[in-house]
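This report concerns only the one structure given below.
Since we're looking at a predicted model, the values are computed, not measured.
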Amino acid sequence: MKLTVAPLLCCLLISTAYAADKGGLEKDAAPPPPHSLDEGYRGTEDARIMTVEQAKEMHDGATISLRGNLIDGSGGDKFKFRDKTGTIDTVIPQAVFDGRTVKPDQMISINGSLDKKMTPPVVRVDRIQK
């Protein structure tokens, strides 16, 4: 009985040793930068991101999450935000920046609420993430 168990045990151990050599993550090349990703699964955080075009059609007071670039500051707390679908005006208080500097070529995410009472509609930003 002991002689039949020993070869079976050896066969099981050898097959797992060969399986460990294949599969998994191969780090041959660097991943693409996040702003160049257009399609595919990138996590649950992306499920909440919308486009400027979609945001403009939301109702007044809707919670907005956008990913793109701040391209222009017209003084004070008013900025223009742009993504692949268009631009929208934003109001970003200095406290939201929290001492961080954002450059126009940096991809950021903003969260806030849509104010459709203003013409054109404005996003009142309460969070910025680089």
Side-chain angles (χ1 to χ4, degrees):
M1 180 81 166
K2 289 182 182 179
L3 292 176
T4 58
V5 173
L8 282 173
L9 187 58
C10 288
C11 289
L12 291 174
L13 293 175
I14 291 172
S15 64
T16 58
Y18 284 118
D21 291 335
K22 298 183 181 186
L25 178 65
E26 292 183 19
K27 296 183 179 181
D28 292 339
H35 61 276
S36 69
L37 297 173
D38 289 331
E39 295 179 6
Y41 177 76
R42 293 186 297 278
T44 57
E45 193 64 28
D46 289 341
R48 293 181 240 156
I49 300 294
M50 61 184 64
T51 64
V52 169
E53 188 175 281
Q54 292 170 331
K56 287 181 178 179
E57 297 189 16
M58 300 286 289
H59 62 85
D60 184 46
T63 300
I64 304 294
S65 294
L66 299 169
R67 181 173 291 147
N69 306 86
L70 282 180
I71 57 170
D72 188 23
S74 58
D77 57 357
K78 296 181 182 182
F79 299 89
K80 283 221 181 272
F81 182 86
R82 180 183 69 194
D83 73 356
K84 295 176 187 176
T85 62
T87 62
I88 194 165
D89 293 330
T90 61
V91 175
I92 308 174
Q94 201 62 35
V96 173
F97 283 104
D98 196 29
R100 296 174 289 181
T101 304
V102 177
K103 297 179 182 176
D105 64 339
Q106 290 177 325
M107 180 70 67
I108 63 168
S109 295
I110 61 171
N111 297 344
S113 59
L114 184 65
D115 185 355
K116 279 193 127 173
K117 295 174 188 162
M118 297 186 72
T119 305
V122 171
V123 176
R124 296 193 179 277
V125 177
D126 54 28
R127 182 172 168 240
I128 292 179
Q129 185 177 8
K130 282 187 176 184

ring-ring contact (aromatic ring centres under 6.0 Å, His included): pairs with one or both residues in [range], sequence neighbours excluded:
range            : value
residues 70-109  : F79-F97
residues 100-125 : none
residues 108-130 : none
residues 105-130 : none

Grouping ILVMFWY residues whenever side-chain heavy atoms fall under 4.5 Å, the cluster of V91 otherwise contains M118, V122
What's the spacing between Q129 CD and N111 CG if we round to 0.5 Å?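 It is 7.5 Å, given to the nearest 0.5 Å.
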Which value, rounded to the nearest 0.5 Å, describes the distance between R127 atom CZ and S109 atom OG? 8.0 Å
Once side-chain hydrogen bond (donor to acceptor under 3.5 Å, both in side chains) is applied, do any residues pair with T85, and if so which ones, sequence neighbours excluded? D83
Applying side-chain hydrogen bond (donor to acceptor under 3.5 Å, both in side chains), can you list everything that pairs with N69, at least two apart in sequence or on another chain?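 Partners of N69 by the side-chain hydrogen bond (donor to acceptor under 3.5 Å, both in side chains) criterion come out as none, since no residue qualifies.
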Show the nearest heavy-atom pair for residues S113 and G61, with the distance to one decimal.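 Closest approach of S113 to G61, heavy atoms only: CB-O, 4.2 Å.
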So [Y] and [X], do their side chains get closer than 4.5 Å, heavy atoms only?
X    : Y    : answer
V123 : L114 : yes
I88  : L66  : yes
D72  : T87  : no

Give a yes or no on whether the backbone of K130 and the side-chain of R100 come within a donor-acceptor separation of less than 3.5 Å. no
Sequence neighbours left out, what pairs pass salt bridge (Lys or Arg N to Asp or Glu O under 4.0 Å) with at least one residue falling in [range]?
range            : value
residues 108-125 : D60-K117, D115-R124
residues 50-59   : none
residues 85-99   : K80-D89

Run the side-chain contact (heavy atoms from CB on, under 4.5 Å) check on L70 and I110 step by step: do they pass? CA-CA 10 Å; L70 282 180; I110 61 171; 5.5 Å; no
